[in-house]
Amino acid sequence: MRKITISLLTIFLLTLFVNISFSQEEPLPPSEVKASDTPNDNGHSITVTWKLSPDDGAGKKNVVAYEILRSDNPEGEFEIRGVAPAGESRFDDKGAKEKTDKNYLPGHKNFYYKVRAKADKTFAESEVSNPAFAYGQWYHTGKTTVLIGVILFSAFALYFINLARKGKKLFVRPLAGIEAVDEAIGRATEMGKPILYIIGLGSADMIATIASFTILSRVAKKTAEYQTPILIPCYDSVVMAVAQETVRAAYLEAGRPDSYKEENIFFVTSMQFAYVAGVNGIMLRERPATNFYLGKFYAESLILAETGSVAGSIQISGTDEIAQIPFFIAATDYTLIGEELYAASAYLGKEPVLLGTLKAQDWGKALVIISLILGALAASFNFQFFLNLFRVQL
Amino acid sequence: MSFLEKLLAIDRRIIFLFIAIAAALPLFFTVKLHIEVTPIVNNVYNALEALPPGSKVLLSMDYDPGSMPELQPMAESFLRYCFLRDLKVIIIGLWPNGPIQANIALEEVFKDEEVKNRNPQYGIDYVNLGYTVGNEVVVERMGSDIPATFPKDYTGNKTEDLPLMKGVKNYNNIDFVYNLSAGYPGTYEWVIFAVDPYKIKLAAGNTAVQAPLVYPYVQSGQLIGVLGGMKGGAEFEIATGKPAKAVKYMFSQSVTHAVICFFILIGNFAYFATRKKKGS
Amino acid sequence: MVETIGIWIAAILTLGIFSFLYKDNPFYKFCESLFVGVSAGYWFATTFWQVMMPKLVDNLAAGRWIYIIGGIFGILMLLRLFPKIGWISRWSLALVVGTTAGLYFTRYLVSNGMVQTENTIMPIFVTGNLPQTIGNLVIVVGTFCGLVYFFFSKEHKGTFGGFAKVGIWFIMVSFGASFGYTVMSRMSLLLGRLDYLFGTWLGLIK
Amino acid sequence: MRREVPLAITAIVGFTLIVVYFIPHPPFNHFRNFFEDLFFIVAAFAIWLGCLNLLKVNADRFYFKRKGWPFAIVVWFGFFLMVIVGFWDGRGFMNPGTTFYYLYDILYYPLNATMFSILAFFVASASYRAFRARNKEATMLLVAAMVVMLGRVPFGYYLSSWLPEGWRLGNITDWVMDFPQTAGQRAIMIGIALGIVSSSLRVLLGLERTFASGE
């Protein structure tokens, strides 16, 4: 009932706003009304199409809208199911799937349709359509492109993970931020000052935090070799525990378990700005030669980077929090931008799963790059067929 | 220590004081500024204008008081616009603060004389379905069943019993979605979980931090337009012909931007000048 | 009266947070702790009335017993508070992680991957429309080079390195815009508070 | 039990949701709706878990007299104040005029808003003391930032009003935002999307190290 009220209201308004010649003449009816199941749905909708009335936009130009009517009997009473504005030639009669719903449209039951061309005060009705029933589909045909994408990506990932597990070396290009690590630690040793490593505000299960642990392991190994102290103030107690474990293992690997100092990896507080205040205090007291900010960072990024910059430390940063990267780029010496942080950890960690999926992502990007080149050419020379391959129809 | 070095080594509390004055002083003056409505905001306004009266609009309030100066004026201007145009508003929140922020905005909007004359009624002209936990999954679930996602409104009335919600089953029955977003969950989630799978029409107001991130969606047509930060809010107020809070702040906003640019320039100048001296 | 007291409390708390700018101090710590407590309390109460009641309690009261499964999973989640049996909470976590992973897998691929690619494919030369041609060219070249920059399987040398270089320029322009917008955001937030202090509290601004 | 059950749950739920995406036919959509409804309830408990955990941490802090222990009382006070008032006010607790609404207005609102507004000060001091055009990339970033900052406020209009219409700072900003910015942002977006897809795949296949090992 409500739907009908709205339909009527719409028609009323359309008649008000659309600039038409207010003739009382009946328009010619729409023709070739066809009904069929709406594709790619759960089976409670029928699509109606028709050929526009000759008076729609041409002829007498008095058609303002189409009303779509439905009945389960070609001779029976038809009820209005919806309205389409003039110029439209398709309507999806969407029903509800629950039997209790007033708008219920049962599947596998025949329905007939009529379309009315509405003029100002009169209308003209089409012939009754063919019978059609709604049914659910087992596969959404519009999503084939997506399915291909899903399969390709999964195949890439599994293939490369397998390759990495077999011990094949997968190449990851060197990153400036990681190349600079050795130099930065060397400088700290020369100056006899500590290194400050901040894992960020993320919890231990975030990808950025995990990536940071991998890089920490590498950094800690170097500091063990050079005998330079490394300070790690933490925001989260679980992160602290993992960091301690990581550093201890790295010192052991470097053959210096005796110089590992657990008290250098400590919990500060888990309140954002109180944490910042704590870390700033450490920077100003200890004057570390190098600061690492790798992990998940939020608004505190620029406060940390600023203090470090003023204290004259070399700073290496990296996060996947897009809004914070600009501040890191402007205020630190090296920045791992978003994905580079993951790449760095895959590169340093040599974990087959991470390396394999990183490779899959690379191949995904390669596919996009190739599509862009071919697509741009096809679009410039108007190869419609080729363009349709890239179209995602949902 | 040269003058430039001294300039660089200035205590930051002095800078704090400086920016506080730069921001506060202009607040005391009322200056009429030229504000151009940019195309991306105009898109939003035109899309709203095209809606016939009686259309059902979903307003998703996805922010907290932390971004209130940017998004609250947008909420108010949007609600005022809807009431005057007789668009029916369904309010939800993906952030727990959303529904209460909506109530605060409504209180403000009802002070407007024109809105008072229209006398919008709860349940008929607008409803507030409250908050539900689940972020993007909420957006996804609403695609199949809105009353199941929000069984009760924020005061405990059954959603299906509200006159405005009669016949609203899922996105098919919603004519337009307007999202005010300060981060996650927000515009990203609305595009990914509602626009692409369910074909809704979406426009958004974003905090300035987030606005640039959604520009690709505007180019691709997944998002009709976006109001970026307080300036976007001001443009929308101008477009609707009702300058309000966001417009009021524009003078201060301008001054602070100029000050920041000045800081960047002078800071870099002093830095490179002193470095050159040291180098030689 | 009640309103005036409220405004004064709000103003004093505002100043308390601002005092952090001078230096970290107990008054600031008090305000920050109060905020942490109040926001947790807000979430707790809101979740109770707007999720637990309608989604769990009402459903059970109406005899839809299947929702008890949700309640059980939820209580398992709370077991995390007890270290010895905390591992059971992983069952509930698995449900959460599985749901998001299942949704993200297809949805991100489509909306942020494929649809973006589709919309980057456009004619580079639009005859008779120079601005459009330039605009299209910029988007195609920018996206292309940006992706080359994030390609990790090949070193940035030669032509490939050249593309990557152009890519990083585009990325820097994006970050620059992001930077400018973030500054805009932060300033707006400050204006809101200053307006509260000078306007609502002290009544100096009309 | 500790490893297999969670992995099985993840896989069943996750793959069902992927299947529903391609198969519109029942009964899969019913499974999806059911899983999503369960998700909501569990997610609500997860929020409670966070709150209770906060209480626990602060109780420990108080009990063991850790640094800043008196503030633990403040956290507890704030929490119970809101919870008790919220429960007392009943279902309409968010209505204007209730005590909850009042407390929100005088406590939550100013604290939250001010907390983020102090960042304006740090942005100002960092622009003066730390944002340097230290290399070509950073220079481009800062130039773009300044164009956008000036172009997006009315100030930019007055600064460039001597230029011909269509070439003013505002127009340049629009162009930068619509084209180069969008292109760069899109490259980042596609990259991140593939990252999310691959991490989802790792989770679904039970390859995500951290999730499988629990913590």
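If you're wondering where the values come from, they're calculated on a predicted model, not measured in any experiment. Proteins come first, then strands; the chains are lettered A, B, ... in the order of their sequence lines, and each starts at number 1.
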Which bit of [X] is near chain D, if near means a heavy-atom gap under 4.5 Å: side chain, backbone, both or neither?
X      : answer
N59(C) : neither
V51(C) : side chain
S92(C) : both

Quick one: what part of [X] sits under 4.5 Å from any heavy atom of chain C, side chain, backbone, both or neither?
X       : answer
F93(D)  : side chain
V123(D) : side chain
W175(D) : side chain
N58(D)  : neither

With chain D, which of [options] has the greatest number of heavy-atom pairs at distances under 4.5 Å?
options                           : answer
T46(C), I7(C), V141(C)            : T46(C)
A11(C), P26(C), S89(C)            : P26(C)
I171(C), L34(C), V173(C), L147(C) : L34(C)

Plane angle bin for F87(D) and F44(C) - parallel if under 30°, tilted between 30 and 60°, otherwise perpendicular =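 It falls in the parallel class, under 30°.
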Please determine, among [options], the option with the most heavy-atom pairs under 4.5 Å with chain C.
options                          : value
F35(D), F22(D), F122(D)          : F122(D)
F100(D), Y109(D), F77(D)         : F100(D)
A8(D), G86(D), A120(D)           : A120(D)
M94(D), R202(D), R32(D), K136(D) : M94(D)
G191(D), S198(D), A145(D)        : A145(D)
I192(D), V83(D), T173(D), I9(D)  : I9(D)

Is a donor on one side and an acceptor on the other found under 3.5 Å between the side chain of K55(C) and the backbone of F40(D)?
->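 No.
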Is the distance between the ring centroids of Y21(D) and F105(C) less than 6.0 Å?
->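 Aromatic pair excluded; centres sit 6.0 Å or further apart.
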Distance flag, aromatic centroids of Y42(C) and Y104(D), threshold under 6.0 Å |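 Yes: the rings meet the under 6.0 Å criterion.
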Do R186(D) and T143(C) have a side chain donor and acceptor closer than 3.5 Å?
->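 Distance-only check fails for R186(D) and T143(C).
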Heavy-atom check, side chain of L54(D) versus side chain of V36(C), under 4.5 Å |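 L54(D) reaches V36(C) side chain to side chain.
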Is F163(C) atom CZ crowded by more than 12 heavy atoms from other residues, nucleotides or ligands, each under 6.0 Å away?
->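 12 or below, so no.
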